Amino acid sequence: MTGTGPPPPRQTRLRYAYGTNGLADLRLGDALALLADLGYDGVGLTLDHMHLDPLASGLPRRTAAVGKALGRYGLTVTVETGARYVLDARRKHHPTLLDPDPQARAVRLELLLKAVRVAADLGAHAVHFFSGTIPDGADPHTAWPRFADSVGALLSAAQAAGVPLAVEPEPGHLLGDLAAFHRLRTSLGEPDGLGVTLDVGHCVCLEPEPPQECVRAAAPWLRHVQIEDMRRGVHEHLPFGEGELDVPPVLAALREAEYEGLVTVEPPRHSHAGPGCAGDAIRFLRKAEAASGGGPARPDEQTGVPPW
């Protein structure tokens with residue numbers, strides 16, 4: 001006798017990546033070779049001066065060279081735009097799409113448009129971006145229209161290029177949580193081309209629901225996922241095992257959602273130990289996936305006891 005209930009969800013094998021903002025002391029070619037050797041499936045490529053500089057000359061030529069390297073190493077890519085000082089050498093993440101000065105907003109928008117072109121050339125599965133913090137002297141009532149107008153212009157270019165956008169809720173930013181993401185979507189008419197970058201650590205930091213429930217709630221709009229450990233109420237990216245994130249349930253929720261994009265380890269303050277951190281992270285994640293019901297760890301990762 002056969003059951004009449006719905007079939008079980010397809011168990012997608014997750015694809016892991018590592019952010020180049022955690023490998024800033026390595027040449028990009030060396031970083032890609034390292035990630036391939038460690039068994040990563042992809043890379044979160046932050047456009048910055050030490051890797052693929054979006055402001056230097058010959059960007060199309062240099063992008064093509066990166067594309068060849070990605071193909072050589074069998075890595076897929078998401079394009080990230082969170083470089084700290086790429087536009088302003090003295091102010092972190094400035095200017096933003098919230099700046100009162102239209103020319104300053106245009107500088108940030110041009111960077112994002114370049115990111116869309118790079119993503120299209122590399123076959124990236126998404127372009128990541130964020131809102132920024134509300135500038136001094138402004139308030140949410142003035143900041144939201146500026147942001148929505150800029151995202152609308154970016155969305156038009158991204159849709160023409162066939163590149164999904166993935167805005168990241170960032171603690172302390174105008175768009176700081178999943179509720180704010182939905183506010184943006186609604187204001188823009190719920191466009192298909194606008195999705196979300198879900199940083200799982202940020203869910204630990206500030207979302208009211210557990211991280212795995214955040215994954216389920218965001219599943220229809222997931223275009224990119226970032227992951228690291230974090231503590232409640234403290235926006236500090238930590239190596240796995242040093243915070244409060246229960247990883248296996250999150251990975252199980254991602255498989256249930258049939259998420260097929262990259263799950264990118266986001267370690268922006270650990271470049272001084274980048275190669276070792278990257279190795280530790282992929283071993284931890286493979287063990288956590290096995291513990292979550294996602295199949296056995298790879299043969300070289302079956303030693304040791306997972307720390308949960």
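Because the structure is a prediction, the values reported are computed rather than measured.
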Visitor: Do the non-hydrogen side-chain atoms of Val196 and Leu222 ever get within less than 4.5 Å of each other?
Guide: yes
Visitor: Any chance CG of Asp139 has more than 12 other-residue heavy atoms, nucleotides or ligands included, within less than 6.0 Å?
Guide: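 It does: Asp139 CG has more than 12 such atoms within range.
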Visitor: Give me each pair satisfying side-chain hydrogen bond (donor to acceptor under 3.5 Å, both in side chains) with a member in residues 90-101, each pair once, sequence neighbours excluded.
Guide: Asp88-Arg91
Visitor: Working note: Phe240 + Ile227, criterion side-chain contact (heavy atoms from CB on, under 4.5 Å); need CA distance, chi angles, decisive distance, verdict.
Guide: CA-CA 9 Å; Phe240 295 114; Ile227 192 167; 3.9 Å; yes
Visitor: Would you find a donor on one side and an acceptor on the other, under 3.5 Å apart, between the side chain of Thr20 and the backbone of Thr46?
Guide: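 Side chain of Thr20 to backbone of Thr46, a donor-acceptor pair under 3.5 Å: yes, one is there.
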Visitor: Does the side chain of Leu285 come within less than 4.5 Å of Val263's, by heavy atoms?
Guide: no
Visitor: Are any non-hydrogen side-chain atoms of Glu260 and His125 less than 4.5 angstrom apart?
Guide: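 With C-beta onward as the side chain, the pair stays apart.
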Visitor: Keeping to residues at least two apart or across chains, list the side-chain hydrogen bond (donor to acceptor under 3.5 Å, both in side chains) pairs with something in residues 102-120.
Guide: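 Found Glu110-Arg117.
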Visitor: Grouping I, L, V, M, F, W and Y whenever their side-chain heavy atoms are under 4.5 Å apart, do Leu184 and Leu112 come out in a common cluster?
Guide: yes
Visitor: Can you list the steps and then say if Leu28 with Leu23 is a side-chain contact (heavy atoms from CB on, under 4.5 Å)?
Guide: CA-CA 8 Å; Leu28 182 56; Leu23 297 170; over 6 Å; no
Visitor: Work out which heavy atom in Ala115 is nearest to a heavy atom in Thr81; give both atom names and the distance.
Guide: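 Looks like CB-CG2, 3.6 Å.
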Visitor: For Ala257 and Ala219, work out which heavy atoms get closest and say how close.
Guide: CB-CB, 3.8 Å
Visitor: Not counting sequence neighbours, which residues clear salt bridge (Lys or Arg N to Asp or Glu O under 4.0 Å) with Asp25? List them please.
Guide: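 Partners of Asp25 by the salt bridge (Lys or Arg N to Asp or Glu O under 4.0 Å) criterion come out as none, since no residue qualifies.
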Visitor: Not counting sequence neighbours, which residues clear ring-ring contact (aromatic ring centres under 6.0 Å, His included) with His270? List them please.
Guide: none
Visitor: Can you name the side-chain hydrogen bond (donor to acceptor under 3.5 Å, both in side chains) partners of Thr197, sequence neighbours left out?
Guide: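 Result, side-chain hydrogen bond (donor to acceptor under 3.5 Å, both in side chains) vs Thr197: none returned.
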Visitor: At their closest point, which heavy atom of Ala180 faces which heavy atom of Asp177, and how far apart are they?
Guide: N-OD1, 2.9 Å
Visitor: Mind running side-chain contact (heavy atoms from CB on, under 4.5 Å) on Arg183 and Leu175 for me, showing each step along the way?
Guide: CA-CA 9 Å; Arg183 174 175 178 174; Leu175 197 151; over 6 Å; no
Visitor: Are Arg62 and Asp53 side-chain neighbours, meaning at least one heavy-atom pair lies under 4.5 Å?
Guide: yes
Visitor: Can you give me every donor-acceptor pair (side chain of residues 154-168, partner residue at least two apart or in another chain, under 3.5 Å) with its distance?
Guide:
from	atom 1	to	atom 2	distance (Å)
Ser156	OG	Gly152	O	3.2
Glu168	OE1	His128	NE2	2.7
Glu168	OE2	His202	ND1	3.4

Visitor: How many angstroms lie between CH2 in Trp144 and CD1 in Ile134, if you round to the nearest 0.5 Å?
Guide: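 Answer for the CH2-CD1 pair, Trp144 versus Ile134, is 9.0 Å.
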Visitor: Quick check for you: to the nearest 0.5 Å, what is the distance between Arg231 atom CZ and Glu244 atom CD?
Guide: 7.0 Å
Visitor: Could you give the distance from NE2 (His224) to CG (Leu198), rounded to the nearest 0.5 Å?
Guide: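 With rounding to 0.5 Å, NE2 (His224) is 10.5 Å from CG (Leu198).
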Visitor: So, do Cys277 and Val265 sit near enough that their side-chain heavy atoms are less than 4.5 Å apart?
Guide: no
Visitor: Supply the members, apart from Val86, of the Ile/Leu/Val/Met/Phe/Trp/Tyr cluster built from side-chain contacts under 4.5 Å; use none for a lone residue.
Guide: Leu55, Leu87, Val107, Leu111
Visitor: Check whether Leu38 and Tyr18 end up in the same hydrophobic cluster, where Ile, Leu, Val, Met, Phe, Trp and Tyr are linked by side-chain heavy atoms less than 4.5 Å apart.
Guide: yes
Visitor: Could you state whether Val118 and Phe129 fall into the same hydrophobic cluster, counting links through intermediate Ile, Leu, Val, Met, Phe, Trp or Tyr residues with side-chain heavy atoms under 4.5 angstrom apart?
Guide: yes
Visitor: Just jot down the salt bridge (Lys or Arg N to Asp or Glu O under 4.0 Å) partners of Asp37, sequence neighbours excluded, or say none.
Guide: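 Per chain and number, Asp37 pairs via salt bridge (Lys or Arg N to Asp or Glu O under 4.0 Å) with no residue.
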Visitor: Side-chain donor-acceptor pairs under 3.5 Å in residues 64-79, sequence neighbours left out?
Guide:
from	atom 1	to	atom 2	distance (Å)
Thr76	OG1	Arg15	NH1	3.2
Thr76	OG1	Asp41	O	3.3
Thr78	OG1	Ala126	O	3.1

Visitor: Please name the pair of heavy atoms, one in Ser131 and one in His173, separated by the smallest distance, quoted to 0.1 Å.
Guide: OG-CB, 3.4 Å
Visitor: Taking side-chain hydrogen bond (donor to acceptor under 3.5 Å, both in side chains) as the definition, give me every residue that meets it alongside Asp280, ordered by chain and number, with sequence neighbours left out.
Guide: Arg283
Visitor: About how many Å separate CG of Leu14 and OG of Ser292, when rounded to the nearest 0.5 Å?
Guide: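 Rounded to the nearest 0.5 Å, the OG-CG separation comes out at 7.5 Å.
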Visitor: For the hydrophobic clusters of this structure (ILVMFWY residues joined by side-chain heavy atoms under 4.5 Å, transitively), does one cluster hold both Val127 and Val225?
Guide: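 Yes; Val225 is reachable from Val127 via cluster members.
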Visitor: Are Phe130 and Leu97 co-members of a hydrophobic cluster defined by side-chain heavy atoms under 4.5 Å apart?
Guide: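 No; tracing contacts between hydrophobic side chains, which count when under 4.5 Å, never links both residues.
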Visitor: Any heavy-atom pair between the side chains of Asp48 and His51 that's under 4.5 Å?
Guide: no
Visitor: Flag the pair Leu35 / Ile282 as yes when at least one side-chain heavy-atom distance between them is below 4.5 Å, and no otherwise.
Guide: no
Visitor: With distance as the sole test, does Tyr40 use its side chain to make a donor-acceptor pair with the main-chain N or O of Ala278 at under 3.5 Å?
Guide: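 Such a contact is found between Tyr40 side chain and Ala278 backbone.
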Visitor: Can you list, pair by pair, the side-chain donor-acceptor contacts under 3.5 Å of residues 203-213, counting residues two or more places apart and other chains?
Guide:
from	atom 1	to	atom 2	distance (Å)
Glu207	OE2	Leu178	N	2.9
Glu213	OE2	Arg216	NH1	2.9

Visitor: Does a side-chain heavy-atom distance below 4.5 Å link His182 with Trp221?
Guide: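 Yes, side chains in contact.
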Visitor: Any chance you could measure Glu228, atom CD, to Glu242, atom CD, to the nearest 0.5 Å?
Guide: 12.5 Å
Visitor: For residues His235 and His237, establish whether the separation of their ring centroids is below 6.0 Å.
Guide: yes
Visitor: Using every non-hydrogen atom in the two residues, find where Ala24 and Ser271 come nearest and quote the distance to one decimal.
Guide: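 Minimum heavy-atom separation between Ala24 and Ser271: N-OG, 3.0 Å.
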Visitor: Who else is in the cluster with Val234 when I, L, V, M, F, W and Y are joined by side-chain contacts under 4.5 Å?
Guide: none
Visitor: Measuring from Leu122:CG to Thr63:OG1, what's the distance to the nearest 0.5 Å?
Guide: 6.0 Å
Visitor: So which heavy atom on Pro275 is nearest to which on Leu34, and how close?
Guide: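 What the structure gives for the nearest pair is CA-CD2, 3.8 Å.
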